[in-house]
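Below is one structure, written out as structure tokens, with a few remarks after it.
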Amino acid sequence: MKKLYEDIADQIADQIDQGLYLPGDRIPGVRKLSQQFGVSISTIVLAQRLLEDDGRIEARPRSGYYVRAQIWPIPELPALSRPLRRPTPVTGQQLVLRLVQTTNEPDFVQLGAAVPHASFLPTRAIQRSLSSMARTYGNELSTYQFPPGNPELRRQIARRMAEAGCQVNADEIIITSGCQEALTLSLQTIAGPGDIIAIESPAFYGLLQAIETLGMKALEIPTDPQTGISLAALSLALEQWPVKACALVPNFSNPLGCTMPDENKQALLTLLGEARIPLIEDDIYGDLGFDTKRPRAVSAFGSGEQVLYCSSFSKSLSPGLRVGWIVPGQYREQIEYRKYVTSLATSTLAQYAIADFLKQGSYDRYLRQVRRDYQRQVAIMIRAVGKYFPVGTRVTQPQGGFVIWIELPAKVDSLKLCQQALIGRISIAPGPIFSATQKYRHFIRLNCAQPWNDTLEQAMITLGRMVHALNTAS
Ligand SMILES: Cc1ncc(COP(=O)(O)O)c(C=O)c1O
């Protein structure tokens, strides 16, 4: 049986693993801990010695105990991607539907789709807005709210876009049913079947699916896991191929989590402007940076005329309400009409509810909290990968959002891993669905917006074991 001090040491170690104390943080002193755990000071002293022996904490003269930096090795970053350098049709997306379907199955550990666990979302506040709007607007809610959409919502969005450096007025915004619809409308408006779309590599699978269903071709461009798309490679590609549009996630991209530095954003606009190629900018994660300063949108660096800015509240407020928007620059009329013929309108109640929530002014307070939560979750998951996955595994270090991209040892087939994990009721996103040509066979993406608890830790241990087994199988 465990001694009391061992049990206390385990509990402090758990707090460290859960990110309550980060490497370099001072843990509370003996008196405070003895009060906190309701045990004697000598028990705490023994527990601290044990943690020190285990290498979890270190004593600093006259200052107390501190969490040791890098208790587990922080894995290295993956290298710059090297996709196939020619346009190709998109294949291999069928698996994704199965993956997203698991998000509706409560007994799955949801590490696959990039959907935040409900506990991170302001669900109560949104429910209050829904009921209040339903009471206030009764009959009006049964009618269509035709494009461009709810005027109050568009006003609120225009205000928020100033945070991203974009001077936009409400008339320039069209409400859509999520960001996915905004992306699809943009592609349909700018390009046609057979046309080439330049994208990051790896890229968000929803974008790949839109390119696939519209019969277009994807030209995957090498992308750095910290600074985003390689402008040198893009420039070369534009000289070589008749690219019709460029579609990117410049802030906290999915799956790499990278953000383009400001100078790259400016240079990108110049490059595309000279080549007269429009940019489809997906800024869905822009509000979710770990830094207090929100990164600027690419469209903030120019007039916005050549940019179709797309976003939604799916990652920050509610994926289920399906409210997104687009600022289509010079394509406003075409997009407005296309939105109307595609889906008539976005849910009236959902638009009213989000407008009401934003009007109340608590969005910024909520964002401050959730950014910290996601930063912590991402840090814990990266540490868990360092702890449970084989040496040599590489992981991105996103500065925002809530997904991590993991390069497994080259021998590990992520599609096999995904199948095995699904049997174990764990969903993960295998690398090939992030590429038009099913590259990234030994990569996976994990959703970190899940509360860290025993079930999740067990899932990471299980995944680590599966990866080890696939890596050593002959
Ligand atoms: C980069 C990116 N764009 C767009 C979407 C789709 O957003 P929505 O649910 O608002 O349609 C997602 C969702 O995963 C995403 O990660």
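Each ligand, and each atom within it, is numbered from 1 in the order the structure gives.
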Problem set entry | side-chain contact (heavy atoms from CB on, under 4.5 Å) partners of D195, counting only residues at least two apart | A191, K244
For this session: Could you tell me which residues satisfy side-chain contact (heavy atoms from CB on, under 4.5 Å) with R425, sequence neighbours excluded, listed by chain and number?
Result: E105, D107, F108
Exercise. In this structure, are over 12 heavy atoms from other groups packed under 6.0 Å from D454 atom CG?
Worked result: no
For this session: Using a cut-off of 6.0 Å, state whether more than 12 heavy atoms not belonging to Y366 lie near its atom OH.
Result: yes
Exercise. Who pairs with F120 by ring pair (Phe, Tyr, Trp, His ring centres under 6.0 Å), at least two apart in sequence or on another chain?
Worked result: Y374
For this session: Return yes if some donor-acceptor pair links the side-chain N/O of S427 with the main-chain N/O of G112 below 3.5 Å, else return no.
Result: yes
List, pair by pair, the atoms of ligand 1 and of the protein that are both N or O and lie under 3.5 Å apart, giving the separation rounded to 0.1 Å.
unit_1	atom_1	unit_2	atom_2	d
ligand 1	3 (N)	D282	OD2	2.5
ligand 1	9 (O)	S314	OG	3.1
ligand 1	9 (O)	R322	NH1	2.9
ligand 1	10 (O)	C179	N	2.8
ligand 1	10 (O)	S312	OG	2.7
ligand 1	10 (O)	S314	OG	2.6
ligand 1	11 (O)	C179	N	3.1
ligand 1	11 (O)	Q180	N	2.9
ligand 1	11 (O)	R322	NH2	2.8
ligand 1	14 (O)	K315	NZ	2.6
ligand 1	16 (O)	N254	ND2	2.7
ligand 1	16 (O)	Y285	OH	2.9

